[in-house]
**Student:** 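Below is the structure I would like to discuss, written out as structure tokens.
Letters A, B, ... mirror the listed sequences (proteins, then strands); counts begin at 1.
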Amino acid sequence: MSFIPLSREERKEILDAIGVEDEDELFETIPPHLRYKESLNIQGPLDEETLRARFQFRPHKISFLGGGIYNHHIPAVVDAIASRQEFYTAYTPYQPEISQGTLQAIFEYQSMMASLTKMYASNASMYDGATALAEATLMAISAKGLKRVVITRATNPAYRKVINTYLQFNRSVEILEVPFNIISGQVDLDALNDMVDSDTALFIQQPNFFGIIEPLDKIAQTAAKAGFWGIVITEMVSLGLLKPPGAFGPDVVVGDAQSFGNPQNAGGPLLGVLCTTKASIRRMPGRIVGLTRDSSGKKAFCLTLATREQHIRRGKATSNICSNQGLCALRAAIYLSAVGPRGLKKIAAQCASGARYLMKLMKEKGIDVIFNGPVFNEFVVRMEDARIKALEEAGLVPGIRIENLYPEIPGGQLLTVTEMNTKKDVECMKERI
Amino acid sequence: MSFIPLSREERKEILDAIGVEDEDELFETIPPHLRYKESLNIQGPLDEETLRARFQFRPHKISFLGGGIYNHHIPAVVDAIASRQEFYTAYTPYQPEISQGTLQAIFEYQSMMASLTKMYASNASMYDGATALAEATLMAISAKGLKRVVITRATNPAYRKVINTYLQFNRSVEILEVPFNIISGQVDLDALNDMVDSDTALFIQQPNFFGIIEPLDKIAQTAAKAGFWGIVITEMVSLGLLKPPGAFGPDVVVGDAQSFGNPQNAGGPLLGVLCTTKASIRRMPGRIVGLTRDSSGKKAFCLTLATREQHIRRGKATSNICSNQGLCALRAAIYLSAVGPRGLKKIAAQCASGARYLMKLMKEKGIDVIFNGPVFNEFVVRMEDARIKALEEAGLVPGIRIENLYPEIPGGQLLTVTEMNTKKDVECMKERI
Amino acid sequence: MHERKDLTIFPERVEPLLSAINKQGKNTRQMPAPFDVYPLDDIDKDIQNEDLPDLPDVSEVETVRHFTRLSRLNYGIDHGIYPLGSCTMKYNPKICEEIAGRVKDIHPADTYAMTDILKILMELSKDLEEICGMDASTLWGAAGAHGELTGMLIIKKALEKKGENRSTVLIPDTAHGTNPASCTIAGFNPVQIPSGPRGYLEASTIKDYLDDDVAALMITNPNTLGIFEQEIAHIAELLHNNGSYLYMDGANLNAILGTSRPGDMGADCMHLNLHKTFASPHGGGGPGSGPVLVKRHLIPYLPLPWIVADEKDSYTLKWDSTSSIGTIHSGMGNLAVLIKTLAYILSLGPEGIKDVSHVATLNANYIKTRLSKSFDIPYTTPTLHEFVLTDKRQQANGVTTMDIAKALIGFGIHPPTIYFPLVVNNAIMIEPTETEPLEELKRFADIMETIATLAETSPEIFKDMPFVSPVGRVDEVWAARHLILTWDMGESNKEAAVSKQ
Amino acid sequence: MHERKDLTIFPERVEPLLSAINKQGKNTRQMPAPFDVYPLDDIDKDIQNEDLPDLPDVSEVETVRHFTRLSRLNYGIDHGIYPLGSCTMKYNPKICEEIAGRVKDIHPADTYAMTDILKILMELSKDLEEICGMDASTLWGAAGAHGELTGMLIIKKALEKKGENRSTVLIPDTAHGTNPASCTIAGFNPVQIPSGPRGYLEASTIKDYLDDDVAALMITNPNTLGIFEQEIAHIAELLHNNGSYLYMDGANLNAILGTSRPGDMGADCMHLNLHKTFASPHGGGGPGSGPVLVKRHLIPYLPLPWIVADEKDSYTLKWDSTSSIGTIHSGMGNLAVLIKTLAYILSLGPEGIKDVSHVATLNANYIKTRLSKSFDIPYTTPTLHEFVLTDKRQQANGVTTMDIAKALIGFGIHPPTIYFPLVVNNAIMIEPTETEPLEELKRFADIMETIATLAETSPEIFKDMPFVSPVGRVDEVWAARHLILTWDMGESNKEAAVSKQ
Ligand SMILES: Cc1ncc(COP(=O)(O)O)c(C=O)c1O
Ligand SMILES: Cc1ncc(COP(=O)(O)O)c(C=O)c1O
């Protein structure tokens, strides 16, 4: 089924108005040998019911999956509002008079991200946490001409890979990993201390990929030596429990806020976050909304700081990003407004408690919990392939395999618990193990 | 979870503003012995996820169910629009300046129902087809002081029951049933002819409850003798194929338009339809929207003919109806706009063709098809309990048992096919029989 | 300066009729077509439609835009306060909508799927009975008025069973119009009785009316003045002693939810408006839902089907009973609304339910306190969840209740119920509900005060109000005189102000 | 007369900031709490937040109303024509939204559920390749610019593999700003080249720039003037002979969908904007999706993971390859957008796809024909799905492109893209798309003509435009000067026009 609203007669009417014989004539500027004469080898047209029947999916009912993408409660209001055509069909708000809805909502998203992280400002979103981190490294490099990017090995491997992709042709910058302590799962503070100097851009994930909470207060002292440093957060719900990262003085806080009102969506859209300091604001990539006034002096909003961006600066822009994840940021804003301060704190406590409960049950079953550092809502255990397979066959997904990502952790399996798991889920995992 | 937006402090602030000590004092006009002091024995409060987990349903995947409530295709646009808060949270449009959306949409619903049925006008909806029919009998009785209500026995039994309920205390009116021809399933024309005179209100369902298409052209000649007559339609999709009922000259067309864009909803909301002639318009029950103009002469809409209604006429109103099925009528309007003339015709042809295909396969399996009259999308077969049970156990619902409703059709089972069934469904029914 | 007609251009504009957008061939929707098409020549040609059904031919884009733009001309509860008295326009929780959507693909004859539904309905029945202090209930009433009719038929049936032929139903003058109308349809004779000078029915009044023809008193409590019927217990006793029933219209239950129970007041039969008290949306006029609750002695007359337990925790429908009034709906009432209601009740829980009446009453009294300085308040009796003002003070300057309502629209607020109840001249009946934030109550009160001031300083501007709305003041008299009820009538009526745009 | 500030009262009103609605204790949401709470004393107190997270405390009703009212200040595609040039603002089918919603509860590590997803992604890849005439593709680009960067990295990698260190990428002056920016990030040096006087790049021009440092030409076809790059085949040949690649920005593919294929033109690498050509909504700025397609020789460099067949009709993800540029996203790109795209393609089918370019071009030319009487059209070369006007004729009366845009807002229409492409002075770039009804095209053309007339008769009124919009003309300079980017900055900035209302 097509969505063309013109009847055959109307198409003819237009041809007449233009003064053209037939529609093919419209394409006369396309050299004949470049015109495609065949019929495309694709299926369709399909009616809506046939389409509905064709897209059927079967997610597992019980799973303990996280590792950067999380299954959190989404209040019904989020979908109800984000599905309003005024929001989801609109373009980037270049024309402020007719886009105040998007603009104010994004301004509020920025405000809430800044308050939560206690950073000076947030941009209007990035593609995901990994590209936000990659852009932050570019920011660091361009700001200070730094020579080294140092990142904790316990940072989400996908994030580290994306940095590598972005920087692979930049021969003047070296990327180094800080090892983790194999007992605690936290960053090796001594190694860190050795690797950081004023030529370094440093990035630390908190909680780290193993779910372990890093001693940011201690790290901050070393980090202060770096030319530029940032905290990476992939599980933003942890902000319900942990001190705002801004308190430790980083230049940027980057990460992913998919956890805030955005579904897992089989891997995307996610929601890249980039918050920074007053000093760095003009080097920030991406869009930002500012408060201003209209011709009659009333409060109004518009995109601002455009002189950093590609559509003005072109090849000299701070970034190439144009479309971002606007609707995901809107969802995050609605989510945060809906759950509020106590709600976020409660969810965080539930996540942390659920993880501890599962950890307790795993230990009771003799499963080896690998690190002894404090966790937020994820932890690493040792599990043989056979056991994983057996659990999967019992209809349960027992976390993410990480031994291939960390050969130093043979049998490594990352288990995640959120408020969407139930006590029964957790107990079921114990029983079926 | 409650939806009260006031903090404890704000509640206190209001108490102070009112000058009252505590909230209980607000209820001082309620005699103490009438105040409920206990805690209500109900569950909750529950959070949204617990609620979601509590309401889980398991409809059958393949079924051939109809008999007044139908499973038809609903274009995605219907939900997308009807779920806009501007429509679904609004009250009855008593204040026209702030309710033009509802008013114009209902005006368009009325217009489309009138065009489809070729009647003079439609009201803004009734509760369902059965109550619409019951109200039409009241209309007939009040209009002409008629003494008899004659209705075809092949009219949906639930509809006949509701008439009985509404008229049970009206001693001056008798309700009679016109038998059906046991071979064709159509109305017994001779019996009909004998039962109808100018003191009679006559109602005929088309297609009838057995799915059989009545010879309305022939019936109309007899019906013309009646003091008042009406055509009842429970499967409005048949209007895609059959001549508009208005062509046969009835005083009313009533029925249910659930088939137009409203889901089955386990039995409701449905959408009662009542269309009538110019002569009867002032006796019509229910609301109606009229076109008018505003103070500057522009097109505008408002509720009209209110002098028939209970809020003006009170005990002397044409009906007691107040809230109706507004949102269902809106859905029907969106549906009809979305499917259009060719779409409705195609759907009707699919329904009729699917029924014929299933009938053919049933006959091939030696299943007895009871009537030989032409069908729309339903037909009656003879099926033993054991076979029905077996099919149900094979995961398939083979229609509705009607032998209890019609003892004269032992083993009677009503099978319905719509465009939502697939060829595979139909063939599956054959295989599993 | 730009003129009024400009005002609706962004984002609202005057929306053409669908019939004006109609043009042959524009609708190219592909419909599901699983079956090979049969010739259908078994159907008599005289019965088949040789033409296409007469519907507008528009594209999907036009359908979507047309109805989307129309929607934007409406005011909804998500805009702000919607203070229609006796309508209980409270916030409709999104979670309840979501949950009700889950029943959409179930056919009521799918008995397997219905098992779960019946369990839920049974739980809902029990909860409503607990909340109302009643013994049993039916959920099939499709709206308040349908519930009233059902209730009055139950009473009629009970009387018939007792061999009595009482025909009078007493109804206070504060009652909603559906009350007398429902009585008439049920075969009763409604008789209006005066509510007293204090705004509630006095036992002494009813005494004068009680005779052996009185079948019942039909009363709303609190009534439409927002006043609790303080003598209700005594009245119930008088009625019962007279062999009459007490029917309660539960439309105003929000005022007393969890705080006082109709059953404890002596009600024999009552209905609820789930689309008011229980947060189900009004849908621009419906679907609502009007369950009917009864005391033990009326159980045999409840309409069919009955939900009955078969084994433990499993229910079926019972379709036959000689005592029942019979069937009142061809399906299962407005079932999706019932689902929303249970979701709402469970969401709130016992404390949340009680809080509803507390805050509903608190909010109404806040506004009343504020407005009593600028408007006439006809009764001094304390009120609960709603109250009534009049335009008496503004009338002095020629500003009427209607003018005040239209002025409110211009300030972006839906007006209260007006000219009802009839017992008050030019009533303005205000019910904020418990879901209005304090800021919104203040905004409403501020605007009402502004209007009161304007009525003194510039009464002449009211005639042109509302200023800022999708259309100017609508001519209802013109509508009634011309009766243009369809596109076709609009086309053929030369006088009609039907602009294609 | 009422003043401008009244105009937004119904149904829109100035919406306070959430921070202004914030009051402690108003949010009473109950959160899921399946677990007994642990003391969490294993987490160092210095790391834990002793305070609550700093978020506004508002009720559910306020959240809903706030964002609902905000939404109403926006213009969406369901309002009417949205003629932003090069943005392809077409109708976003509701069915595609519905279908994409079905993947929401899947985690990408749920391999069982992902089997179905991978099958769908593979089908989408094949369809996109067929439509573009390319050999392979990656779906992980999150937007057009992300696709560009990916494509340029692929080219860089291929050059590296060949042992070449070319650094120049030629980019016509009509290009979008993301093109040079993406080149820079990929480590290239973008060099701007002039499109010819006829609005397209001439082979003779490119010859002058070709040397052994030229890695690629990055070109949009049709370009942002709506003009087909007629010498593209010749240019491709020149590039290839020079050892350079042809990169095509597919943002304007809508013009040639099913009618001409970039692969056939000689493109080695290209990206698509699914949120333009394939009807996925823009979401007020995203998420989009930018798949990258390549010819056979560039396949080894595609980013990871690769979707590879294992058994018949079953696919897995391959995560390692030494040739690949690596990973570009931490998840699966904007997967939900990919689902919408396949649903859209299947809905249309081969004929429907071709019709898109036909009607997109038809519609654009209709408007162009109409407007060429009143506006300056800088190029005479025929155009496809979009075209560019200027304000040259209106400038004579002091009416600028910006004024024309703001005037359109006042007429209830979203303005076209303005001041882009840079190669045209004061450009107004109009792209109606194929989903605009003829009536809407006429309405737009009529209004543009009215504006042209007004520019002659009353040019002075333009400075106050837009008249009818939620806010008046917005002061972007003030914004840049004050940089108020959060509530907190608004609070602390005395000069800020932050009214709590
Ligand atoms: C007091 C009262 N009773 C009865 C009704 C009728 O309810 P419904 O409209 O649901 O039929 C109403 C509705 O306005 C009412 O306010
Ligand atoms: C021609 C052209 N190229 C590239 C882009 C960038 O696409 P995106 O915004 O998806 O990154 C755009 C979008 O505006 C465009 O018009």
**Student:** Tell me which one of D/Ile47, D/Leu40, D/Asn49 satisfies side chain to side chain contact (heavy atoms under 4.5 Å, CB included) with A/Leu241.
**Tutor:**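 Result: among D/Ile47, D/Leu40, D/Asn49, D/Leu40 is the only option passing the side chain to side chain contact (heavy atoms under 4.5 Å, CB included) with A/Leu241.
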**Student:** Heavy atoms only: give me the nearest A/Gly354-D/Phe35 pair and the separation to one decimal.
**Tutor:**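 Taking A/Gly354 first and D/Phe35 second, the nearest heavy atoms are CA-CD1, 3.4 Å.
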**Student:** Considering all heavy atoms of both residues, which atom of D/Ala181 and which atom of A/Gln310 are nearest to each other, and what is their separation?
**Tutor:**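 Shortest heavy-atom contact: CB-CB, 3.6 Å.
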**Student:** Going through the distances and angles, do A/Leu6 and D/Asn363 end up as a side chain to side chain contact (heavy atoms under 4.5 Å, CB included)?
**Tutor:** CA-CA 10 Å; A/Leu6 304 179; D/Asn363 283 357; 3.3 Å; yes
**Student:** Between A/Phe27 and D/Ser260, does a side chain to side chain contact (heavy atoms under 4.5 Å, CB included) hold up when you go through it step by step?
**Tutor:** CA-CA 9 Å; A/Phe27 297 100; D/Ser260 185; over 6 Å; no
**Student:** Please assess D/Asn74 against A/Gln100 for the test side chain to side chain contact (heavy atoms under 4.5 Å, CB included), listing each intermediate value before the final yes or no.
**Tutor:** CA-CA 6 Å; D/Asn74 261 15; A/Gln100 287 294 303; 5.6 Å; no
**Student:** Can you confirm whether D/Thr68 sits close enough to A/Arg84 that some side-chain heavy atom of one is under 4.5 Å from a side-chain heavy atom of the other?
**Tutor:**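 Yes - at least one pair of side-chain heavy atoms lies under 4.5 Å apart.
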**Student:** Quick one: closest heavy-atom pair of A/Asn320 and D/Thr178, and the distance?
**Tutor:**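 Scanning both residues completely, I find the closest heavy atoms to be O-CG2, 3.4 Å.
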**Student:** Which bit of A/His60 is near chain D, if near means a heavy-atom gap under 4.5 Å: side chain, backbone, both or neither?
**Tutor:**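 Its backbone and side chain both get close to chain D.
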**Student:** Are D/Ile43 and A/Leu242 side-chain neighbours, meaning at least one heavy-atom pair lies under 4.5 Å?
**Tutor:**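 Yes, at least one pair of side-chain atoms sits under 4.5 Å.
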**Student:** Does the side chain of A/Ile42 reach to within under 4.5 Å of the side chain of D/Ile353, using non-hydrogen atoms?
**Tutor:**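 They are in contact (side-chain heavy atoms under 4.5 Å apart), so the answer is yes.
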**Student:** Of the backbone (N, CA, C, O) and the side chain (C-beta and beyond), which part of A/Ile347 lies under 4.5 Å from a heavy atom of chain D, both, or neither?
**Tutor:**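 For A/Ile347, the contact with chain D is made by the side chain alone.
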**Student:** What part of A/Ile281 lies closer than 4.5 angstrom to a heavy atom of chain D: side chain, backbone, both or neither?
**Tutor:**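 Side chain only.
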**Student:** Take atom CD of D/Gln48 as the centre, draw a 6.0 Å sphere, and report whether it contains more than 12 heavy atoms from other residues, nucleotides or ligands.
**Tutor:**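 Atom CD in D/Gln48 is packed in, count exceeds 12.
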**Student:** Do A/Thr304 and D/Ile484 have side chains that approach each other closer than 4.5 Å (heavy atoms only, starting at C-beta)?
**Tutor:**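 Answer no - side chains too far apart.
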**Student:** Checking heavy atoms, do the side chain of A/Arg287, its backbone, both or neither come under 4.5 Å from chain D?
**Tutor:**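 Contact with chain D: side chain only.
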**Student:** Please report the shortest heavy-atom distance between D/Leu348 and A/Pro45, naming the atom on each side.
**Tutor:**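 Shortest heavy-atom contact: O-CB, 3.4 Å.
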**Student:** For the residue pair A/Glu28 and D/Pro382, establish whether any side-chain heavy-atom pair is separated by less than 4.5 Å.
**Tutor:**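 Yes. Closest side-chain heavy atoms under 4.5 Å.
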**Student:** Quick one: side-chain hydrogen bond (donor to acceptor under 3.5 Å, both in side chains) partners of A/Arg35, sequence neighbours excluded?
**Tutor:**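 Per chain and number, A/Arg35 pairs via side-chain hydrogen bond (donor to acceptor under 3.5 Å, both in side chains) with no residue.
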**Student:** For D/Leu153 and A/Phe169: C-alpha separation, side-chain torsions, deciding distance, then whether side chain to side chain contact (heavy atoms under 4.5 Å, CB included) applies.
**Tutor:** CA-CA 9 Å; D/Leu153 288 172; A/Phe169 299 111; 3.6 Å; yes
**Student:** Flag the pair D/Ser19 / A/Glu108 as yes when at least one side-chain heavy-atom distance between them is below 4.5 Å, and no otherwise.
**Tutor:**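 A side-chain contact is absent here, since even the closest heavy-atom pair is not under 4.5 Å.
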**Student:** State, to 0.1 Å, how close A/Leu26 and D/Leu384 come at their nearest heavy-atom pair, and which atoms those are.
**Tutor:**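 For A/Leu26 and D/Leu384, the tightest heavy-atom pair comes out as O-CD2, 3.5 Å.
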**Student:** Test of understanding: with side-chain hydrogen bond (donor to acceptor under 3.5 Å, both in side chains), list the residues that count as partners of D/Asn334, not counting sequence neighbours.
**Tutor:**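 Expected list: A/Gln325.
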**Student:** What closest approach, in Å, do A/His33 and D/Ala233 show between heavy atoms, and which atom pair accounts for it?
**Tutor:**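 Answer, listing the atom of A/His33 first, then D/Ala233: NE2-CB, 3.6 Å.
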**Student:** Which bit of D/Met265 comes within less than 4.5 Å of chain A, counting heavy atoms only: side chain, backbone, both or neither?
**Tutor:**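 For D/Met265, heavy atoms of backbone and side chain both lie under 4.5 Å from chain A.
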**Student:** Quick check: do A/Thr292 and D/His482 have side-chain heavy atoms less than 4.5 Å from each other?
**Tutor:**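 No. Closest side-chain heavy atoms not under 4.5 Å.
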**Student:** Can you tell me which of D/Gly187, D/Cys183, D/Gly144, D/Gly258 forms the most heavy-atom pairs within a distance under 4.5 Å of chain A?
**Tutor:**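 The answer is D/Gly258.
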